[in-house]
Amino acid sequence: MSASQIIRPMLAFNAAMTTKLWDVMMAHLTDEQFVAESDYAIGSIRNQMVHLALVERAWMYDLMGELPPPNYNEHEFTTRASARAISEKASHELAAFAASLDDAALMSASGNVAGPIWTGLVHMMNHGTDHRAQVARHLHDLGISGFEQDLGDYLDTLYPMTQAKIVEIIDRAWVEWESVIAQVPRERMEEPTVIDGLSVKDLIAHITWYEREVVRTMRERAYTPSEHSPKPTDERNAAILADSRTRSLSDVLDEHYLTHRDLMALLQHVNDADLIDESSIKDMPKLGKPWQILAGNTYFHYPEHLTPIKEWLEKERV
Amino acid sequence: VANFVRTNAPASQGEAMTAHDIIRTMIDYHVSTNRQLWGVIQRNLTDAQFAQDLGYSWGSIRSVMAHMMSVDRWRVNNVLERTDPGPLNPDDYPTRDSFDALFQDVEQRLLDLVSSLSEDNLDRVPADFKESVWQLLMQVVNHGTDHRAQMLAMLHQMGIPTFPQDFIFYLWEHQTMSRDEVLGKIRAGWQEWDSLLQPVPRERLTEPFMGEWSLKDVIAHITWGENEMLNLMQTRSMATASPLWGEAQDERNRQMVEARRDASLDTVLQEAQQVHRDMITELEKLEDTDLNEAARFAEMPADWHLWKLLEQNTWTHYTEHINLIRAWLEKERA
């Protein structure tokens with residue numbers, strides 16, 4: 001493990017998020033809103049973005065051991081386009097500078113600052129996240145949404161999910177789910193005492209409903225809402241519960257295993273590209289990449305309900 | 001701003017640092033800043049304000065905190081390959097006190113986890129993930145900074161004073177610098193400062209170039225700051241500091257320069273050299289702990305360190321003015 005493996009993607013992330021924020025601002029903000037004063041932090045969105053550019057440029061020169069050019073005056077930048085030019089230049093040059101450094105250079109002290117270079121670079125990444133979050137709040141107050149800066153989402157583009165990997169993960173999570181369910185005696189599966197008046201059968205039916213949605217969507221390569229899917233989460237879950245209560249335990253268990261078998265069979269025919277391409281499913285709402293939707297309805301979903309079942313088993317000494 | 005935000009090393013220069021040190025420093029920063037924020041929430045908000053929906057992000061500060069703790073706990077469990085109990089429900093924590101135990105537990109687990117890791121397993125990819133351990137932990141740090149920025153804005157919205165959450169400020173608070181490192185920085189900076197001024201013709205030293213200020217004024221201004229450092233080191237007390245520190249920066253600068261306006265150029269130049277020499281001599285007498293412990297100086301605030309004061313009054317101060325002087329000289333030459 002090397003320092004450059006950590007630092008390079010962090011500064012690339014910083015530059016990418018600055019560009020992403022500009023894309024949102026160029027599409028939805030006016031120049032008047034851009035320069036409008038604010039009583040929070042360092043004022044207008046313009047001030048925030050020029051400040052980011054100035055600080056990144058000054059730090060880069062400091063870390064290189066050189067003197068930075070004279071500062072900008074934020075009032076020079078009356079339009080988004082003019083500020084975008086210096087802002088993206090600063091963040092992308094900083095990322096390029098970080099990419100040019102090896103481990104020895106990252107750990108060394110530079111000419112103008114006291115600490116090793118990596119501290120200044122990480123400070124810039126963190127400083128960028130902080131100010132972009134402040135700008136995102138301004139945008140929200142102006143009725144503009146759509147900017148998020150999650151590092152996990154960014155890393156996902158660098159290290160994409162693969163078909164083999166997701167099959168392996170779902171398989172492993174399913175084995176654990178099954179092993180716990182197998183400990184529940186059949187005659188106790190309908191006792192509504194696991195959590196919040198729910199039984200093991202209720203939780204199994206709940207898990208199955210979400211997997212079935214995934215199976216249908218994958219099979220049709222299109223999102224076609226079922227009766228309950230457009231409902232708000234709590235209402236939807238209540239409807240799923242009401243449906244399952246009318247069905248026999250055998251019916252619920254059979255569907256549970258058959259649905260999962262269908263899911264795994266379908267997954268054998270999925271390409272790596274399909275897992276990261278949001279357009280691979282027609283009419284799919286903006287819920288994330290296909291693999292994230294799969295994860296949320298399988299291996300991230302099982303543990304959520306497995307924990308209360310385990311606790312119930314422990315408590316009941318089944 | 002550029003002058004203000006400068007850093008010191010998280011470990012002495014020359015000491016071998018590792019990728020694990022970087023991750024540990026970042027997680028320490030994350031937890032320390034979370035604790036600072038949690039302290040502000042506990043001291044300044046009522047339980048009703050804690051749970052009040054403010055219409056942004058996850059709604060209330062309680063909901064954002066619960067989300068952040070869910071993710072921190074999730075990541076700890078991911079790295080340890082343990083089953084995660086899922087997202088926390090904010091409604092389970094009606095008061096700040098009821099949230100406190102959870103907060104302390106999650107953050108301590110995160111610190112313990114990072115302490116238990118070694119260089120070798122940062123690259124490991126935990127079961128159920130495609131990201132490696134270091135990536136999962138850096139997500140925690142970035143996620144925390146993003147949501148703290150949201151909560152600081154929410155606190156401001158409720159009229160509560162906030163604080164900057166810069167990583168560099170954290171380092172400043174927690175890091176040290178040896179006497180020899182400080183001496184090295186000052187000597188290198190002074191050499192650059194001196195070599196810039198030496199070739200400037202004498203008649204130009206009194207020519208205004210920065211508003212009303214001439215190079216002579218800038219030299220007197222630099223000398224004033226160095227003399228304050230000399231005085232501090234000699235008396236070992238903040239009580240003898242100039243009363244001008246109580247003035248706003250612009251007014252302080254105006255008065256200190258005005259006080260030397262009638263002094264001859266030769267006097268100002270001689271003073272500059274003498275004060276600098278004396279300051280270096282005094283600094284050479286100090287021990288490393290003097291540079292890093294406020295208690296070594298009477299009336300110094302507990303979170304201040306001599307090395308930081310020296311930095312601001314010597315090498316970064318030279319750099320700031322070198323930049324402006326060089327720009328002026330180049331413009332004149334053109």
Side-chain angles (χ1 to χ4, degrees), chain A residues 1-3 5-7 10 13 40-41 51 54-55 58-59 62 67-71 107-109 111-116 118-120 122-123 125-127 129-134 136-137 140-141 149-152 155-156 159-162 165 169 172-173 176 299 303-307 310, chain B residues 1-2 5-11 13 16-20 22-23 25-26 29 56 83-87 119-120 122-123 127-131 134-135 138-139 141-143 145-150 153 156 165-168 171 175 177 181 185 188 307 311 315-316 319 322-324 326-327:
Chain A
M1 185 71 213
S2 72
Q5 274 178 275
I6 298 174
I7 301 300
M10 292 304 104
F13 165 74
Y40 184 54
H51 166 79
L54 272 177
V55 171
W59 268 90
D62 271 349
L67 290 170
N71 280 350
M107 296 304 185
S108 70
N112 298 348
V113 297
W118 76 262
T119 58
V122 168
H123 170 48
M125 183 274 254
N126 195 63
H127 181 257
T129 298
D130 189 12
H131 282 284
R132 284 188 297 269
Q134 293 176 24
R137 172 59 199 259
H140 165 83
D141 292 347
Q149 50 177 345
D150 191 85
L151 178 60
L155 290 173
D156 193 45
Y159 311 96
M161 178 59 86
T162 63
K165 182 75 182 172
I169 297 175
R172 190 168 41 239
E176 188 183 1
Y299 65 90
E304 201 180 315
H305 301 295
L306 208 51
T307 302
K310 279 180 179 172
Chain B
V1 171
V5 284
R6 285 199 163 83
T7 182
N8 189 33
Q13 288 168 29
M17 286 200 65
T18 62
H20 182 229
I22 293 176
I23 297 297
T25 305
M26 295 308 300
Y29 156 76
Y56 184 57
T83 303
D84 186 79
E119 190 76 4
D120 294 339
L122 288 177
D123 252 348
D128 297 354
F129 283 85
K130 58 189 178 58
E131 299 96 335
W134 77 263
Q135 290 168 349
M138 281 305 287
Q139 284 176 41
V141 175
N142 187 68
H143 185 256
T145 301
D146 193 16
H147 283 294
R148 278 193 305 274
Q150 293 177 350
H156 173 78
Q165 57 161 340
D166 294 53
F167 173 60
I168 221 65
L171 289 184
Q175 310 311 330
M177 203 167 178
E181 285 166 351
K185 287 287 179 190
W307 77 260
E311 181 193 33
W315 75 90
T316 59
T319 302
I322 284 170
N323 191 21
L324 295 167
R326 191 166 281 154

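Quick note: numbers below take in every heavy atom, side chains included, and nothing from hydrogens, waters or symmetry partners. Below, read A as the first sequence line, B as the second, and so on, with proteins coming before strands; counting in each chain starts at 1.
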Can you find a pair of side-chain heavy atoms, one from A:D150 and one from B:H143, that are under 4.5 Å apart?
yes
Taking A:R132 first and then B:D146, would you say they form a salt bridge - that is, a charged N and a carboxylate O separated by under 4.0 Å?
no
Run the salt bridge (Lys or Arg N to Asp or Glu O under 4.0 Å) test against A:E176 and tell me which residues pass, sequence neighbours left out.
A:K310
So, for B:A149 and A:A133, which heavy atoms are closest and what is the spacing to 0.1 Å?
CB-CB, 3.4 Å
In terms of heavy-atom pairs under 4.5 Å with chain B, the winner among A:M161, A:Q134, A:E304, A:H131 is A:M161
If I measure from the heavy atoms of chain A, does B:L324 come under 4.5 Å with its side chain, its backbone, both, or neither?
neither
Could you look at B:A188 and say if it's the side chain, the backbone, both or neither that has a heavy atom under 4.5 Å from chain A?
neither
Max heavy-atom pair count under 4.5 Å with chain A, selected residue of B:Q150, B:H20, B:M26
B:M26
Nearest-0.5 Å distance that lies between atom CZ in A:F13 and atom CD in B:Q139
9.5 Å
By a 4.5 Å heavy-atom criterion (distance strictly below it), what part of A:Y159 contacts chain B: side chain, backbone, both, or neither?
both
Can you tell which of B:K130, B:R148, B:M138 has the highest number of heavy-atom pairs within less than 4.5 Å of chain A?
B:K130
Have a look at B:Q135 and tell me which of A:I6, A:L151, A:L155 forms a side chain to side chain contact (heavy atoms under 4.5 Å, CB included) with it.
A:L155
Show the nearest heavy-atom pair for residues B:W134 and A:M10, with the distance to one decimal.
CZ3-CE, 3.7 Å
B:D123 versus A:Q5: any side-chain heavy-atom pair under 4.5 Å?
yes
Straight-line distance of A:M1 CE to B:L122 CG, nearest 0.5 Å:
6.0 Å
Verdict with supporting geometry, A:M125 and B:N142, side-chain contact (heavy atoms from CB on, under 4.5 Å):
CA-CA 9 Å; A:M125 183 274 254; B:N142 187 68; 4.0 Å; yes
So A:H127 and B:D166, side-chain contact (heavy atoms from CB on, under 4.5 Å) or not? Walk me through it.
CA-CA 6 Å; A:H127 181 257; B:D166 294 53; 3.5 Å; yes
Taking C-beta and beyond as the side chain, do B:Y29 and A:N126 meet within less than 4.5 Å on heavy atoms?
yes
Results of salt bridge (Lys or Arg N to Asp or Glu O under 4.0 Å) for B:R326 - residues two or more places apart only:
B:E192
Using non-hydrogen atoms and a 4.5 Å limit, figure out which bit of A:D156 sits close to chain B: side chain, backbone, both or neither.
both
Heavy-atom distances under 4.5 Å only: say whether A:A41 touches chain B with side chain, backbone, both or neither.
neither
Considering only heavy atoms, which portion of A:R137 lies under 4.5 Å from any heavy atom of chain B: side chain, backbone, both, or neither?
both
